[in-house]
Amino acid sequence: MGPMKNWNILFGLWLIFVVTWPVGGVRPLRQRPRSWGEEWLPLGKEENEVGPFSSWNITGTYRGNWKFLESSNGTSKFPDFRNSNGNSVLELISTPTKITGVHYIQGVIIFHDVFDNERDIRGAQVRLEGVYVWPFRQLRMVANSGKEGDYGQEDDYLLTNPYHLLGVFSSQVFQESPREKIWNRKHSPIYEMEKRCNIEIAAQVSRLPPRKNDGDQEKYYLEGLMESPSVDDDVDCFSPVLVNATSINTDIYYNKAINYTLMVTFISFLEVLMLIRQMEYSNTQSGTAKVSLLMVGHQAIIDTYICLLHLTAGILVESLFNAFATAAFFKFVVFSIFEMRYLLAIWKANRPPNGESWEQMRRELSALYSRFYGVLLGGVLVMYEFHKFLRFILLVLHSFWIPQIVLNVVRDSRKPLHVHFILGMTITRIAIPLYIFGCPHNFMRIEADRNWCICLAIFMGLQALILILQHYFGSRCFIPRQVLPDKYSYYRRFHQGSNNGIDCVICMTPIDLGPRSNDCMVTPCEHFFHNSCLQRWMDIKMECPTCRRALPPA
């Protein structure tokens, strides 16, 4: 009995030892290495990976790279995979489960530069779901294709992410509409791949050391392997893909957005100053009539669109509402108070003073506002329907100096705009589009288009240069004289015998009518004035100071 009792004691101790042994070395998921790529996971054996861990919240947006482990994709099922590497964006939302140490993961991964350019597909988007076992820092996900008719709501669970929201907003405004996004999704090769392939991703999560510019927010790094066993047979749909991504610091992203709104607010303030300077420069009826009504209305429409875009972005991203609403408010002040007031002043200056009734004036004013808001609404519809040509439409919108150039040539106007107004409005108008399409790290996640930015800068610079040349050298200085109509000359010859001792009725001083004098101007109605006196008078009224007859342009 003694040896048997000792054997039972040893067996019981062995059983307790086996049951209570720590499970730190047990893998959380046991799949075949070929399907999950365990041999590729960086499972280092450092001391910081052993022992108790804290639960990291890996919810957020990650940007990184992807590449085939082989030199080229060896599969024949999807020959559209032309490139061997590219950029990727990963959106993850982590939700704790009732199982200790396990979080449920939902997300979307977007692979850029996957297909050939002939198909006009910017990237492959795959919806994912899986688990994150945080004691072992391992992330396991599979593709979640969903139902046939749910492709219009594929990103509903990501609507709490401001980074994602502004990306969707900018893509719908500057790149593609939701309708085309759904069409591209259904006609993309990735649509067929999700039906025929099991996409599996195994990744290891690590925390990056904090830096000074990162603030208090923790940054994470994901690295793993994506494989695709076929549904029908054991052949892979495509070669294994190595994926790595680093989380984006949303604090820096918020700071970029706020700095952008501050820039827009400062630009609006400068535009107000330029408009006040211009209205003071052309404060007379004759000076205001020289300004193009289409030019000011064109700029008012641009400011209206900018105001609506910023207000929509502020409503879409609640955490940035105050910043975007402030920028939208200042743009609203620019077009609703200053530009519309200047528009009304130009309209009144161009109306003939024939004593029209109030009813007729009210009808004409209503027609003016109706045309303005009609063009505004029509422009929205045109940009929505032809959003593929949005960059060309933006070039057309920034051609607002052309009506003033044409008006100067037709009327032979003399210095209608202040030089500071021309330069200031040109610079402030191109600042926002240059940031959106020229800054490689803009917060709206729009790819930089250097060629388009150069075209915009050259186009606006040429318009401003022509206006400045017209200001200093005459409104028709660049037009050949052969095509110009006959112009009245205020320095024409006259008979001096009967005009000796004539005084200028503007300054009431004698006029030098000598043969070598250049200080005398003669109107078509045979009245004589000093050169400087009549030019200052014509800046106020284009009529003869003596007989009130209309005067031709100088």
Side-chain angles (χ1 to χ4, degrees), residues 27 29 31-44 58 60-92 105-119 121-133 137-146 154 184-185 188-206 220-248 447:
R27 299 298 299 273
L29 296 175
Q31 284 79 15
R32 59 191 178 101
R34 186 176 181 278
S35 64
W36 289 105
E38 293 179 354
E39 67 274 15
W40 296 99
L41 292 179
L43 301 176
I58 62 173
T61 302
Y62 297 78
R63 288 190 298 186
N65 303 312
W66 65 269
K67 66 177 180 179
F68 286 109
L69 292 182
E70 301 177 2
S71 59
S72 62
N73 182 26
T75 179
S76 61
K77 289 188 175 183
F78 299 98
D80 298 304
F81 294 176
R82 298 295 179 87
N83 298 324
S84 60
N85 57 75
N87 300 322
S88 61
V89 177
L90 179 63
E91 309 267 7
L92 294 180
I105 300 296
Q106 287 179 301
V108 172
I109 186 168
I110 303 173
F111 297 96
H112 296 284
D113 309 320
V114 176
F115 306 106
D116 57 344
N117 295 329
E118 295 178 359
R119 301 191 66 115
I121 298 174
R122 295 182 176 85
Q125 178 172 316
V126 182
R127 293 185 298 168
L128 303 169
E129 65 176 353
V131 294
Y132 166 53
V133 187
R137 306 296 185 234
Q138 293 191 16
L139 181 64
R140 304 295 179 88
M141 295 180 292
V142 295
N144 177 23
S145 60
E154 58 197 12
N184 289 334
R185 167 72 176 176
S188 172
I190 204 71
Y191 181 77
E192 294 294 329
M193 187 181 69
E194 289 181 352
K195 293 182 178 180
R196 299 165 55 183
C197 304
N198 291 323
I199 300 177
E200 303 170 350
I201 297 179
Q204 188 77 14
V205 183
S206 59
Y220 301 102
Y221 176 76
L222 307 178
E223 185 176 4
L225 195 70
M226 184 179 77
E227 294 182 315
S228 60
S230 177
V231 177
D232 302 329
D233 47 40
D234 294 334
V235 180
D236 289 345
C237 291
F238 52 83
S239 302
V241 179
L242 185 64
V243 180
N244 64 78
T246 305
S247 61
I248 296 174
E447 296 182 1

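Model, not experiment: these values are computed from the prediction.
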Gap separating the [atom1] atom of [X] from the [atom2] atom of [Y], nearest 0.5 angstrom:
X	Y	atom1	atom2	answer
L69	M226	CG	CE	10.5 Å
E91	Q106	CD	CD	13.0 Å
R140	L128	CZ	CG	14.5 Å
I109	W66	CD1	CH2	10.5 Å

Point to revise | With T246 via side chain to side chain contact (heavy atoms under 4.5 Å, CB included) - residues at least two apart | key: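 Applying side chain to side chain contact (heavy atoms under 4.5 Å, CB included) to T246 gives L208, K219, Y221.
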Quick one: are [X] and [Y] in side-chain contact, heavy atoms under 4.5 Å?
X	Y	result
L225	I201	no
L90	T61	no
I105	M141	yes
V126	I199	yes
K67	V241	no
N65	N85	no
I58	Y132	yes
Q204	R137	yes

Point to revise | Partners meeting side chain to side chain donor-acceptor pair (under 3.5 Å) with Y220 (sequence neighbours left out) | key: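 If we apply the side chain to side chain donor-acceptor pair (under 3.5 Å) test to Y220, skipping adjacent residues, the hits are E218.
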Exercise for review: Kindly indicate, with the supporting measurements, whether the criterion side chain to side chain contact (heavy atoms under 4.5 Å, CB included) is fulfilled by L222 and L92.
Suggested key: CA-CA 11 Å; L222 307 178; L92 294 180; 3.9 Å; yes
